[in-house]
There are 2 protein chains.
Amino acid sequence: MPSRQPRAPKADPETDEAIHAAIARAVMDGSLRAGTKLAEHRLAEIFGVSRERIRKVLHRLGAERRIEIIPNRGARVPQPTLAEIRAIYEAHRVLEAGVLMALLPRLDDAVLARLDAHLAEERAAAERGDRSASVRLSGAFHLLLVDAVGNAELSRILRDLLSRSSVMVSVYEPASQSICAVDEHGAIVEALRARDVARAVALSAHHFQHVEQRLRVDPGPAPATDLAAAFRPYAPAKTVRARRGR
Amino acid sequence: MPSRQPRAPKADPETDEAIHAAIARAVMDGSLRAGTKLAEHRLAEIFGVSRERIRKVLHRLGAERRIEIIPNRGARVPQPTLAEIRAIYEAHRVLEAGVLMALLPRLDDAVLARLDAHLAEERAAAERGDRSASVRLSGAFHLLLVDAVGNAELSRILRDLLSRSSVMVSVYEPASQSICAVDEHGAIVEALRARDVARAVALSAHHFQHVEQRLRVDPGPAPATDLAAAFRPYAPAKTVRARRGR
DNA sequence: CCCCGACAAAATGTGCACATTCTCTGGATT
DNA sequence: AATCCAGAGAATGTGCACATTTTGTCGGGG
């Protein structure tokens, strides 16, 4: 009975994390078309792991609201409504208003120096025309603000919102324009330096409304629907079989 | 070889939800001492289900930050530091400041009427001396505020914070005092009615700081550590075996 | 007397096989 | 001709057995 072969001892403790990050990234940067089905068996083949492991990762992603899981019907890449996306931006805006008010008592030269340094980075990226870096740094600016408050809970909540809003940027945001105008970030910092909270809050709200209004009404063309292609850098070549002409 | 008995076909679709709710409640209302180990096998016995089902529920609770899961070491009832609890209250306070500002444009007679009705309920509970209802209604007041904004994301975030802060109330909150002074809630509503946002925000902040300062430094006596006893209403009697004199 | 290493027991993690549910296709009936 | 039902195929859900890791204990050495 125990004709059991030794079985590959690849119980990497960080494999789960890698798969989780890979799927989260693919969903967030738009490599996978909204509505694409994430079949457990396909993903298990692509990543070369057992189905149970994929299953666990998928459920975790579902709990994080990064993908959508329907009982007995599997996981799908979510297809958020424009209204839902605006709701996330609005939540971010409301939260940041509170953050700015809470930040005032903790605002010192060190924090302002860090913000100035970050603004310099943002301007450099904008001048280089590096859109990818601009998007990343633009988000990091808001994280810098909330981190300065020194409350881990707040940082975690805002980080979550930010990661989910960045999902849709690639779909709903017109590529021709830069995401966050650096000047708007700079204006917020100046208001903070002058300890004018009301103005900082107003600038922040205006900033977010600016971003919200720029969102396109209809989603852009679907990027890709082939799972294997989306995860190519992570998939061993041999596991990418000829896909069925479904 | 297939001497497999039919096996109880109890694949209730709502069993998971019931177990999840039971454990969440037990953790949140303090039936289980902070630090208590939640062994999968014990819980499986108590609830009369397979270990895998408990496992899934436990991991979900961990993702929701209601319990603490350490890889290869199992799940425990979290033992938050006073600092962590204050951080949650602070996050709630910062968030509510933003909520109050966002609420102003949406504030109409209907919302004010709902708030007034709620205040009446709170006062009634306080006069009855019904502490349990007071705690519940006090939390519901803040939910009412955020729900009035009409943003599902904000409501979800605040609901999560509230459920986690209510965990610790039973541990760190002195039982002799009422949780939220109804008058403080009433004052916030009055400030809103006068459309004086600055005052409403200040009152709200003062209110939360009031609650934070009342927290006891040292946790109270541990209520219970016996899993079977904590889940008694959910556990079939026969599964409650004589506990090992560990 | 204290500390360290190894062994044993128990708890968690994982893969596999089976059960259940859903989807899709093909055909018969109204 | 359109609709509905039935059956096959495929995908998800679940329990079980085994592997791995951790923890508590005992014995020997410093």
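Just so you know, these numbers use all the heavy atoms, side chains as well, and skip hydrogens, waters and symmetry mates. To find a chain, count down the sequence lines: A is the first, B the second, and so on, and within it residues start at 1.
- Between B:Arg55 and C:dG13, a side-chain N or O to OP1/OP2 separation shorter than 4.0 Å is present.
- The separation between B:His41 atom NE2 and D:dG15 atom P is 14 Å, rounded to whole Å.
- The phosphate of C:dA11 has neither OP1 nor OP2 within less than 4.0 Å of any side-chain N or O from B:Arg73.
- Atom pair A:Asp16:CG and C:dT12:P shows a separation of 18 Å (rounding to whole Å applied).
- Rounded to an integer number of Å, the gap from CZ of A:Arg51 to P of D:dA11 is 10 Å.
- Salt-bridge check for B:Glu153 with A:Arg86: failed, with every basic side-chain N at 4.0 Å or more from each acidic carboxylate O.
- The shortest distance between the side-chain N/O atoms of B:Lys37 and the OP1/OP2 oxygens of C:dA10 is not below 4.0 Å.
- B:Arg76 has its CZ atom 15 Å from the P atom of D:dT22, to the nearest Å.
- In this structure, the CD1 atom of A:Ile54 is 16 Å from the C1' atom of C:dC16, given to the nearest Å.
- One finds a salt bridge joining A:Glu64 and A:Arg60 here, because a Lys/Arg side-chain nitrogen approaches an Asp/Glu carboxylate oxygen to under 4.0 Å.
- Side-chain proximity of B:Ser50 to the nucleotides C:dC22, C:dT12, D:dG15 is greatest for D:dG15.
- Atoms CG (B:Leu58) and C1' (C:dA11) sit 13 Å apart, rounded to a whole Å.
- Nearest-nucleotide mapping onto DNA chain C: of A:Asn72 and B:Gly74, the residue sitting toward the 5' end is B:Gly74.
- Counting heavy atoms of neighbouring residues, nucleotides and ligands inside a 6.0 Å radius, atom CZ of A:Arg156 exceeds 12 of them.
- Looking only at distances, no side-chain donor or acceptor of A:Arg66 sits under 3.5 Å from a matching main-chain atom of A:Leu61.
- Between the NZ atom of A:Lys56 and the P atom of C:dT12 there is a distance of 14 Å, given to the nearest Å.
- The ring of B:His142 has its center closer than 6.0 angstrom to the ring center of B:Phe208.
- When the side-chain nitrogen and oxygen atoms of B:Arg53 are compared with OP1 and OP2 of D:dG15, one or more of them lie within a distance under 4.0 Å.
- A:Glu52 comes within 4.0 angstrom of a base, heavy atoms only.
- B:Glu40 places its CD atom 15 Å from the P atom of D:dC16, with the value rounded to the nearest Å.
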